[in-house]
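Computed from a predicted structure; not experimentally measured. Atoms within a ligand are numbered from 1 in the order they appear, just like the ligands themselves.
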Amino acid sequence: MDKTILITGGTSGFGAAAVERFLRGGWRVVTTGRRAERLQALVDAHGSERLHVAAFDIRDADAMQAALDAIPAEFADIDVLVNNAGLALGTAPAQQADLAQWRQMIDTNVTALVTLTHALLPRLIERRGAILNISSVAATYPYPGGNVYGGTKAFVRQFSLGLRSDLHGTGVRVTSIEPGMAETEFTLVRTGGNRAASDTLYAGAHPITAADLADTLWWLATLPPHLNVNRIEVMPVSQSFAGFQVARED
Ligand code: NDP
Ligand code: 8X3
């Protein structure tokens, strides 16, 4: 297998599982994240022959460009970009939300994602590669407290579809992956480290696992080159939809 994948957010959750899945499948993997010690642990476990790691804050465009420039030649021909790094912060209603948290979500989930995509498009076109963007069911189904998080993921979904249009004829594939409830560090991050809240949310729900989502990414990346999955929505069986809410006057 002579393929290279760049997965952002390889230090945890979906990204970490995807790193393992693609290494197991014989691909070369480039992965990123802020937590250098977790990236080093991946190198300690898997060696550096097929794995290259880069520790930087994805919101820092200069650090991103420096990391791209430092990718060793044997990892430079990137066939698949997985835009996975992202987060939700808070569940407060908009009128009580923290503006700094909103901006961090936009900077990470939107601005960094488009910056990296822009930087890699020439290589991906050259390789007739693929872009796998991690959106969310929150892109489509609003819920109280989802405000800016859902907005960022709707951007990711629509940006993915727009990329499909622009990349028409290049052979580059683009997919918006829209998972529902998955047990990762997502809720720990969202709640500022509230382990009990995270455990309670997932208890008894049989949520999506990081390995499940990594298998979905593997399936998408290894489809025959004439097939494009535009959007894929994946939920645990235990999760479905609730209705509208109505505020009544006394
Ligand atoms: P995790 O919190 O487990 O992983 C998030 C990853 O994103 C980490 O590797 C983290 O690395 C990285 N990341 C976050 N902020 C930054 C930053 N500023 N710079 C660099 N890397 C960053 O959550 P998930 O695995 O669940 O999340 C992965 C993606 O999946 C996200 O985009 C999320 O929105 C999406 N998603 C998650 C769902 C869920 O229910 N879990 C459902 C639908 C979508 P580090 O902290 O080391 O920087
Ligand atoms: C994460 C799924 O439903 O918590 O994107 O927003 S949800």
field: Heavy-atom side-chain proximity of Ser12 to Arg38 below 4.5 angstrom
entry: yes
query: Below 4.0 angstrom, N of the basic side chain to O of the carboxylate: do Arg231 and Glu178 qualify?
result: yes
field: Charged N-O contact under 4.0 Å between Arg190 and Glu185
entry: no
- prompt: Honestly, is Arg28 close enough over Phe22, meaning NZ or CZ under 6.0 Å from the six-membered ring centre and within 45° of the axis?
  reply: no
Tell me which donor-acceptor pairs under 3.5 Å the side chains of residues 112-127 have, and how far apart each pair is, sequence neighbours excluded?
residue, atom, partner, partner atom, Å
Thr115, OG1, Thr111, O, 2.6
Thr117, OG1, Asn83, ND2, 3.0
Thr117, OG1, Leu113, O, 2.7
Arg123, NH1, Ala76, O, 3.1
Arg127, NE, Asp79, OD1, 3.1
Arg127, NH2, Asp79, OD1, 3.2

query: Contact residues of ligand 1 with a heavy-atom cut-off of under 4.0 Å?
result: Gly9, Gly10, Thr11, Ser12, Gly13, Phe14, Gly33, Arg34, Arg35, Phe56, Asp57, Ile58, Arg59, Asn84, Ala85, Gly86, Thr108, Ile134, Ser135, Ser136, Tyr149, Lys153, Pro179, Gly180, Met181, Ala182, Thr184, Glu185, Phe186, Val189
N/O donor to acceptor pairs below 3.5 angstrom from side-chain atoms of residues 91-107, sequence neighbours left out:
residue, atom, partner, partner atom, Å
Asp98, OD1, Ala100, N, 2.9
Trp102, NE1, Asn147, OD1, 3.2

query: If you take all heavy atoms of Val174 and Leu163, which pair is closest and at what distance?
result: CG2-CB, 4.0 Å
field: Where Val229 and Trp219 come nearest, the two heavy atoms and their spacing
entry: CG2-CH2, 3.9 Å
message: Under a 3.5 Å distance rule, please check whether Thr187 uses its side chain to pair with a backbone N or O of Ser198 as donor and acceptor.
response: no
Ligand 2 N/O to protein N/O, distances under 3.5 Å:
residue, atom, partner, partner atom, Å
ligand 2, 5 (O), Ser136, OG, 2.5
ligand 2, 5 (O), Tyr149, OH, 2.6
ligand 2, 6 (O), Tyr143, OH, 2.6

